[in-house]
Structures are given as structure tokens and as C-alpha cells.
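Single-structure report; data block below.
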Amino acid sequence: MNFELTQLPVADIQGDIEVIIVIDKNTDHAFVQDKKLLKKAGFEGGQDETSLLVSKDRLYVGADSTLSKDIRTAAANAIKALNGTEYRSIKVATYLNSSKCTNSLRAMVEGFILGAYTFENYKTKKSKKKIKHISISLEEYNGYDVDIEKASAVIHKAQIVADATNFTRNIVNTTPDDCYPDVMAGIAETMAGETGLKYNVLKPKELRKEKMETLLAVARASRHKPRVIHLAHKPKDAKCVVTLVGKGLTYDSGGLSLKPADFMVTMKSDKSGGSAVIGIMKAVAEMNLPVEVHGFVGAVENMIGGDAYKPDDVLVAKNGKTIEVRNTDAEGRLVLADTLCYAQQEVQADYLFDFATLTGACVVGVGNYTSGVMGNSDTMKSLVVDAAKRSGELATALDFNPYLKKTIKSEIADVCNISNTRYGGAITAAQFLSEFIDEEHAEKWAHIDIAGPAYVEHAWGENPFGASGAGVRMMVKLIENLVETEED
């Protein structure tokens, strides 16, 4: 999808159809030219409501405000409404929330790109995407003057972030037979070559040398051998160092603690955390942010077989801690334990974040659309929650407490891989991970459980059926915020 920015009024721009965003149901605004027709069509201008006036070649879409969150979903639903039509190009005005802030412009571009996404790799008959070009006029809804160079830079960033999100969606949506650990490593390697990132991968021989025995145990019964991927963006004069770690379970059967059949469907999505890390690294490289960023992915398949690891096993993690296995379906935390230890060994970071579709308990607690953020530091959790809000994602902090920590105590090892209670599972999983965070990183770490929003089987907001690319936009925004903080 191509974007063109112009200072010409919308009326003077060539385009097959004009998209008009109706703010706060204000159909009396000068931008609204078809009041009678809209009333006849029953259009009230509610958030994301659309009305296509074919005779006028205009599409109206409602937004509750000019805030980014409303403009983004309005743009996404506008482009969805045009799917299947013969229109090939759009023209649209600019909608800002203030004279000095262009966040809404970025949100609109993101909305168009994210809303246009489809995944049809496995369909024999593919739909033809008609919208190829979008012209954006700097004619502004509130009459604000918009600097064209600033607006151009904002649109460029929006394209990078939205494309990286869609790139992540593609990885997650790919089936386990087509995306296993070696393939995931190949995707990361190809992307690194295209963007200039440094790339390294550990295979089983290197993993054994690194004493990553918990990760290797999870992978043992699969014919697809595990990989640990390391991507690095290392600009000169970096403001700070950020490490990202992702759970890349390319498929999770549950192991010998086998999942029920209906719970196994969609388990291709268990690689969402690792996929997000790859997508974030892509965006960071293309934006060339002045932050040193490292991305680590533990890519593993959890299967059953005669060589599968078992409940009652005691595993030794890379940092020497022993783990009693009581459920082989609590495998993601075992993969993350070793990958976190390796990441901290390789990089002394100022900020450490991990991403994982870790627990169904997080979905029960906060719903399908929200990520749970946990860790030892309220400051770190606040950084994530604030960045999520600014980027259009949803996240909420879940607090640790000493009483839940006691539930992962083991009588025969240092720690148990599941708690002895069915309650607070998202928090106890994060507290398990905290056992593998060293003292230097204890107050610099946050765990982000994306089990809810990573893969949802219906469209919502700017997200389609399936993978959403959860984590990409929030973390890119967080890293951008770090740049601004360091410069201040």
C-alpha cells in the first residue's frame, strides 16, 4: 500500500473514493457533505460505524474523538468496508487531537495498513486487494496547520510499525508443519540480512554446551530440533541497551500432559512471543532507533513420544537451579528460563522484557484483548502499560505477592514448574520466571503475558481473525519513549 502526502485540499486530490471520519457524531462539520443521505441511510456516526455512499464515491466512518485509539480503529474499519469493492485509491483529510501532536496521523496510517491485512496463504482462491494507493491531505479537521516534513516522518514510522506487525502476524498464522524452529530461525536470518541486523543461532550442540537443559528437555520428543535465535541492533552512540526475549513454541501439544483436542487447535499461536520479538527487531532496524536492542527467541516444538520429558522429572536450568516438573504443558516457562539466562549472560541490559503466550490464567483474569504485565519493579511495569496505551494495545499490571510465591515451592527441587493452586496462574508463572532473573536485572525486568490478545478467533478493533501481532506496537513505542527520556 502506497501513501502520498499533499498540501492540496481533499477536493483537489485524485482518488477513487473519499474517506471522511465523522468525529463525535458531528455530522454538521464542513467535511460532511451528505447529511441527508446519511440520515436516510441511518448513519449515526458511532465509533467504527461505516456508511458507503456509492453514488457519491464517499465512505463515512465514525470516531468518538480525534484521539489515536479512536482514529486507528476507524481507519481500520473504513478499509475493511472497502474490501471487495472496485475502488483502488483513497483520499482522506488529516485528523489531529492538537496543533502540536501528530499521533493521530500516525494512528490513521497504522489503521489503514492493519485493517487491510488478510492471511490467505492456505486458500486456493485468494481475494484481490483493490486499495493500492492512499492520498493524505494536510487539510485538517480542526483547521490546524501541519508541517509537511514532520507529517511525512510520522507516516514513515507508521508504515514501518504496521508492516512489522503484519510481518509478525504472518509468522504466527503459519501452520506448525510450515513453521518449525529451523524455519523460524530462517525467517529471522532472512529479515536480518534485509535490515542489517546482526544474527546468530544456537543449534542443539551449542545449546548443550551452554547447559540449556530445560529447553532441550522440552524439545526432546520432536523431530524438529530446537533453535535459540539472537538478533542485534547496535547503532553508534546508543542511548541505552534493551533486551527482548520471546517464547517461540512453534507448536505445543502439551507433551505427556496432553492438551484436550479442542485446546490443541490454534497452538500454532504459541510462537507469538518469539514472533513479536522478530517483528520488533525488524521495526527497530528499519527506524534505525538510537538504542542498542537485542532479541532472543527460544524456538522449540513440544511433542509426545518415547523420548518425551515427563512429570516427576527434575531438570537443571542454565543458572544451576533445579526444577521439579509436575506438568509438561507448563513448558513455555522452561524454555524461557534458559533463554532468559542466556540473554543475561550475553548482554548486560538496562531494560529486559520477555513476551510469551504463557498462561490461560491471564486470559481468564483480564480477557482476550489485554496483556498482563508482571515483574519486580513498578516502574518497569508502568513503562509497558503506558507504551501499550500510547500504541493502541491494551495492557494491565498484575502484582506479585509472597503468598502466591510459596505455591511454586518444591519439596524435592529448588522450584516447581507449576503452582499447587489453580488460582493466580499468570502471576505464579511470572514468579517462576523471576527465579531466572539475576540480581543485576531484577529491577530492570518485566514479563508480558500476551496469551489473550496474541490470537483471537474473531476480528476486533484494527485486528483480524487470528494473529494480532500483539507486543510489536507497544514495545516499539516503549523504545521510542526511552529515546525521548534519555535525550531529556
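Between Ile479 and Val293, some side-chain heavy-atom pair lies under the 4.5 Å cut-off. Residues Glu435 and Ile323 are not in side-chain contact: their nearest non-hydrogen atoms beyond the backbone lie 4.5 Å or more apart. Between Thr165 and Tyr117, the closest side-chain pair of non-hydrogen atoms is not below 4.5 Å. Contact annotation: the side chain of Ser419 never approaches that of Gln431 to less than 4.5 Å [non-hydrogen atoms, C-beta and beyond]. By the 4.5 Å heavy-atom criterion applied to side chains, Met191 and Ile278 are counted as neighbours. Counting heavy atoms from C-beta on, the side chains of Arg72 and Arg106 never come closer than 4.5 Å. Contact annotation: the side chain of Pro453 never approaches that of Leu394 to less than 4.5 Å [non-hydrogen atoms, C-beta and beyond]. Taking 4.5 Å as the limit, every side-chain heavy atom of Leu215 sits out of range of all side-chain heavy atoms of Tyr342.
Classification of Lys477 and Glu110 as a salt-bridged pair fails, no side-chain N sitting under 4.0 Å from a carboxylate O. Comment: Lys126 does not engage Glu120 in a salt bridge, judged by the lack of any side-chain N to carboxylate O separation of less than 4.0 angstrom. For the pair Glu462 and Arg473, the salt-bridge criterion is met [side-chain N within less than 4.0 Å of a carboxylate O]. Using a 4.0 Å cut-off between charged side-chain N and carboxylate O, Arg220 and Asp307 make a salt bridge. Using a cut-off of 4.0 Å between Lys/Arg side-chain N and Asp/Glu carboxylate O, Lys225 and Asp182 are scored as not salt-bridged. One finds a salt bridge joining Lys381 and Asp378 here, because a Lys/Arg side-chain nitrogen approaches an Asp/Glu carboxylate oxygen to under 4.0 Å.
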List the steps and the verdict of side-chain contact (heavy atoms from CB on, under 4.5 Å) for Arg227 and Met184.
-> CA-CA 9 Å; Arg227 300 286 187 268; Met184 199 170 189; over 6 Å; no
Go through the steps for Ile90 and Ile79 under the test side-chain contact (heavy atoms from CB on, under 4.5 Å), then give the verdict.
-> CA-CA 9 Å; Ile90 288 172; Ile79 203 111; 3.9 Å; yes
Would you check, one step at a time, whether the test side-chain contact (heavy atoms from CB on, under 4.5 Å) holds for Arg169 with Leu114?
-> CA-CA 10 Å; Arg169 290 171 170 179; Leu114 296 172; 3.9 Å; yes
Under the side-chain hydrogen bond (donor to acceptor under 3.5 Å, both in side chains) criterion, do Thr214 and Asp338 qualify, and how do the steps go?
-> CA-CA 7 Å; Thr214 61; Asp338 272 351; 2.7 Å; yes
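In this structure a side-chain-to-backbone donor-acceptor pair under 3.5 Å is missing from His447 to Ser434. With hydrogens and angles ignored, the 3.5 Å screen pairs no side-chain donor or acceptor of Asp350 with any backbone N or O of Cys240. Remark: the backbone N or O of Ser68 is not paired with any side-chain donor or acceptor of Asn103 at under 3.5 angstrom. Not a single donor-acceptor pair under 3.5 Å links the side chain of Tyr455 to the backbone N or O of Thr357. Looking only at distances, no side-chain donor or acceptor of Glu331 sits under 3.5 Å from a matching main-chain atom of Asn302. Using a distance-only test at 3.5 Å, with no hydrogens or angles considered, no donor-acceptor pair links the side chain of Asn319 to the main chain of Cys341. In this structure a side-chain-to-backbone donor-acceptor pair under 3.5 Å is present from Ser257 to Thr328. No side-chain donor-acceptor contact under 3.5 Å links Lys234 to the backbone of Glu292. No side-chain donor-acceptor contact under 3.5 Å links Thr190 to the backbone of Ile187. Distance alone, capped at 3.5 Å, is enough to place a donor-acceptor pair between the Ser269 side chain and the Thr266 backbone.
In the displayed structure, Phe465 atom CZ is contacted under 6.0 Å by more than 12 heavy atoms of other residues, nucleotides or ligands. The environment of Lys405 atom NZ is dense: over 12 non-hydrogen atoms of other residues, nucleotides or ligands sit within 6.0 angstrom. Within 6.0 Å of NE2 on His156 lie no more than 12 heavy atoms contributed by other residues, nucleotides or ligands. Other residues, nucleotides and ligands contribute only 12 or fewer heavy atoms inside 6.0 Å of the NZ atom of Lys389.
Between the side chains of Asn420 and Arg326, no donor-acceptor pair of N or O atoms lies under 3.5 Å. A donor atom on one side chain and an acceptor atom on the other are found under 3.5 Å apart for Asp48 and Thr73.
With Phe353 as the partner, the side-chain contact (heavy atoms from CB on, under 4.5 Å) test is satisfied by one option alone out of Val384, Val277, Thr243, Val373: Val384. Checked against Lys247 for a salt bridge (Lys or Arg N to Asp or Glu O under 4.0 Å), the options Asp354, Asp449, Asp270 give a single hit: Asp270.
In this pair, His294 and Phe296 present their aromatic rings parallel. The plane angle is below 30°, not in the 30 to 60° band. Tyr369 and Trp460 have tilted rings, their planes meeting at an angle from 30° to 60° on a 0 to 90° scale.
To the nearest 0.5 angstrom, Asp312 atom CG is 7.0 Å from Glu324 atom CD. Interatomic distance, Glu210 CD to Thr339 OG1, rounded to the nearest 0.5 Å: 11.5 Å.
Residues satisfying the side-chain contact (heavy atoms from CB on, under 4.5 Å) criterion with Ser377, sequence neighbours excluded, are Thr379, Met380, Glu443.
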